[in-house]
There are 2 protein chains.
Amino acid sequence: MGRRGSDLTDAELEVLKVLWEGQSNTVREVMERLHAKGRKVAYTTVLTFLSRLEQKGYVRSDKAGLAYVYRPKQSRERVIASRLRALADQLFDGATAPMVLQLMKSERFTHEEIEAFRRLIDELDRTGAEDGA
Amino acid sequence: MGRRGSDLTDAELEVLKVLWEGQSNTVREVMERLHAKGRKVAYTTVLTFLSRLEQKGYVRSDKAGLAYVYRPKQSRERVIASRLRALADQLFDGATAPMVLQLMKSERFTHEEIEAFRRLIDELDRTGAEDGA
DNA sequence: GCGATCATACTACAAATGTCGTAGAAAACT
DNA sequence: AGTTTTCTACGACATTTGTAGTATGATCGC
């Protein structure tokens, strides 16, 4: 039997990303947006993905005039966080810290990016400091 | 047609992880190790995955006495880095820094972990400082 | 009013994935 | 030597995923 992981598939995610970017999301518009990104898919294919996304609870649709308009039900942050978590589970048995470390080690960053990391870390440290409930 | 992403599938990765952990990896041993982890798979299933992994270039096998012994051809770090990169491509259009930030924001860490981040960042900063080739 | 458009609902289907079963050779045991 | 145990090689198969065609109903332009 197929996969077991996070239900959101790659192609579905691709479509969901487009939804996050746009406002009025009819099937046609989503398709056009995908085409603009170089992703050539048929109208009905997009429809299929949107339907599947709806069944899985990731989007919601309202009939606006002629066509349905789709909009995300889950925020980009939420979905992304969940994906990251899934990868952490898969690669590091759920330990996210090692993942962050590995990521920082295996990639290259500019000074600005590194500064951003530092700032966030300082903030985390301060925020979490009094947190011991 | 099926998926397009990184060729290593989830189940294959599961097997590869076991290979990274052990030394003498016969099909049977890998299977037992998987069982110990709660992953109940048939002997032939493990064999299938190992064969597919070999075809894809992730493992290599040598006949040792009766059975073949499999060993990883790619390091854990390498594969993990590539996976992380793939996720960055998928979620952040290849920008790894935003991924690190998001990851740090959406998860919780202990002070020790945060300290480890800070140390690594300092090091990165120092290492990369003279790097402007 | 009628044909050309546009939308959605179903159905279909090949390729990928996860999972095994069986056949046959080799080795081990008794 | 005969039987039992182990391996590997192949083939099989249900699901999932990516992709699209067709049928059918509503809408628009003229």
Side-chain angles (χ1 to χ4, degrees), chain A residues 1-19 22 24-35 37-71 79 83 86 90, chain B residues 1-19 24-35 37-71 83 86 90:
Chain A
M1 319 136 198
R3 74 165 56 268
R4 298 140 295 118
S6 156
D7 46 355
L8 197 55
T9 74
D10 291 351
E12 285 164 3
L13 177 61
E14 208 91 12
V15 171
L16 190 52
K17 285 207 293 183
V18 168
L19 284 199
S24 107
N25 295 304
T26 65
V27 177
R28 186 157 300 276
E29 284 163 342
V30 170
M31 178 186 73
E32 279 160 5
R33 227 95 60 63
L34 284 170
H35 285 180
K37 280 187 167 192
R39 196 91 179 4
K40 284 310 198 70
V41 272
Y43 183 94
T44 46
T45 304
V46 178
L47 180 55
T48 299
F49 286 140
L50 285 170
S51 303
R52 288 181 184 169
L53 280 170
E54 187 164 23
Q55 288 201 320
K56 294 182 179 184
Y58 286 99
V59 315
R60 151 168 62 90
S61 68
D62 317 274
K63 188 144 211 162
L66 177 55
Y68 279 99
V69 168
Y70 293 81
R71 76 184 61 192
V79 171
R83 281 243 148 178
Q90 192 175 43
Chain B
M1 321 137 196
R3 74 164 56 268
R4 296 141 297 119
S6 155
D7 47 355
L8 196 55
T9 74
D10 290 351
E12 285 163 3
L13 177 61
E14 208 91 12
V15 171
L16 189 51
K17 285 208 293 183
V18 168
L19 285 199
S24 108
N25 295 304
T26 64
V27 177
R28 185 158 300 278
E29 284 162 342
V30 170
M31 178 187 75
E32 276 160 7
R33 227 93 61 62
L34 285 170
H35 285 182
K37 278 187 167 191
R39 196 91 180 5
K40 282 311 196 70
V41 273
Y43 183 95
T44 46
T45 303
V46 178
L47 180 55
T48 298
F49 287 140
L50 285 170
S51 303
R52 289 181 183 169
L53 279 170
E54 186 163 24
Q55 287 201 321
K56 293 182 178 183
Y58 287 98
V59 314
R60 153 168 62 91
S61 67
D62 316 274
K63 189 144 210 161
L66 176 55
Y68 279 99
V69 168
Y70 294 81
R71 75 184 61 191
R83 281 244 146 175
Q90 191 175 44

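The chains referred to below are lettered A, B, ... by the order of the sequence lines, with proteins before strands, and numbering in each begins at 1. Because only heavy atoms are used, hydrogens play no part in the values below, and waters and symmetry mates are left out as well, while side chains stay in. No experiment lies behind these values; they were computed from the predicted model shown.
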Participant: What is the nucleic acid contact for Arg52(B), judged by heavy atoms within less than 4.0 Å: base, sugar-phosphate only, or nothing?
Facilitator: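 Here Arg52(B) touches the bases of the nucleic acid.
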
Participant: Please report, rounded to the nearest Å, how far the P atom of dT8(C) is from the CD atom of Gln55(A).
Facilitator: 15 Å

Participant: Which atom pair, heavy atoms only, marks the closest approach of Asp62(B) to Arg60(B)?
Facilitator: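 Closest pair (atom of Asp62(B), atom of Arg60(B), distance): OD2-NH1, 4.1 Å.
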
Participant: How do Thr44(B) and Lys56(B) order along DNA chain C: which one's closest nucleotide is nearer the 5' end?
Facilitator: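 Whichever sits nearer the 5' end wins; that is Lys56(B).
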
Participant: If you pin Lys40(A) and Val27(B) to their nearest nucleotides in DNA chain D, which one's is more 5'?
Facilitator: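 Closest to the 5' end, via its nearest nucleotide, is Val27(B).
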
Participant: May I ask you to evaluate whether Arg39(A) reaches the phosphate of dG18(D), defined as a side-chain N or O under 4.0 Å from OP1 or OP2?
Facilitator: no

Participant: Can you name the closest pair of heavy atoms from Val69(A) and Thr26(A) and give their distance?
Facilitator: CG2-CG2, 4.1 Å

Participant: Nearest-Å distance, CG (Leu47(B)) to P (dT22(C))?
Facilitator: 16 Å

Participant: Scan Thr26(A) against the nucleic acid and name what it touches under 4.0 Å (heavy atoms): base, sugar-phosphate only, or nothing.
Facilitator: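 Contact class for Thr26(A): none.
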
Participant: So does Thr45(A) reach the base of dG18(D) with its side chain, donor to acceptor, closer than 3.5 Å?
Facilitator: no

Participant: Expressed as a whole number of angstroms, how long is the span from Asp10(B):CG to dA16(C):C1'?
Facilitator: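 It works out to 12 Å between those atoms.
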
Participant: From CD of Glu29(B) over to P of dT8(D), roughly how many Å is that when rounded to an integer?
Facilitator: 11 Å

Participant: Got a second to check how far Arg39(A)'s CZ is from Thr45(A)'s OG1, nearest 0.5 Å?
Facilitator: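 One finds 9.0 Å between CZ of Arg39(A) and OG1 of Thr45(A).
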
Participant: Is there a donor and acceptor pair, one atom on the side chain of Ser51(A) and one on the base of dA9(C), closer than 3.5 Å?
Facilitator: no

Participant: Is the closest basic N to carboxylate O distance between Glu14(A) and Lys37(A) below 4.0 Å?
Facilitator: no

Participant: Mind calculating the distance between CZ (Phe49(A)) and C1' (dC10(C)) to the nearest angstrom?
Facilitator: 16 Å

Participant: Which is true for Leu66(B) with a 4.0 Å heavy-atom rule: it touches a base, it touches only sugar-phosphate, or it touches nothing?
Facilitator: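 Sugar-phosphate contact only.
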
Participant: So, is Arg28(A) close to the dA7(C) phosphate, meaning a side-chain N or O under 4.0 Å from OP1 or OP2?
Facilitator: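 Result: yes.
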
Participant: In whole angstrom, what separates Leu53(B)'s CG from dT17(C)'s P?
Facilitator: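 Leu53(B) atom CG is separated from dT17(C) atom P by 12 Å.
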
Participant: Report yes if a side-chain nitrogen or oxygen of Tyr43(A) is closer than 4.0 Å to either non-bridging phosphate oxygen (OP1 or OP2) of dT8(C); otherwise report no.
Facilitator: yes

Participant: Round to a whole Å and report the spacing from CG of Leu50(A) to C1' of dC6(C).
Facilitator: 16 Å

Participant: At 4.0 Å (heavy atoms only), tell me whether Tyr68(B) reaches a base, stays on the sugar-phosphate, or touches nothing.
Facilitator: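 Tyr68(B): backbone/sugar contact only, no base atoms under 4.0 Å.
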
Participant: Where the side chain of Arg83(B) meets the backbone of Leu8(B), is there a donor-acceptor pair that is under 3.5 Å apart?
Facilitator: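 Yes; at least one donor-acceptor contact below 3.5 Å.
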
Participant: Take the protein atom CG of Leu13(A) and the nucleotide atom P of dG18(D), then report the distance between them rounded to whole Å.
Facilitator: 10 Å

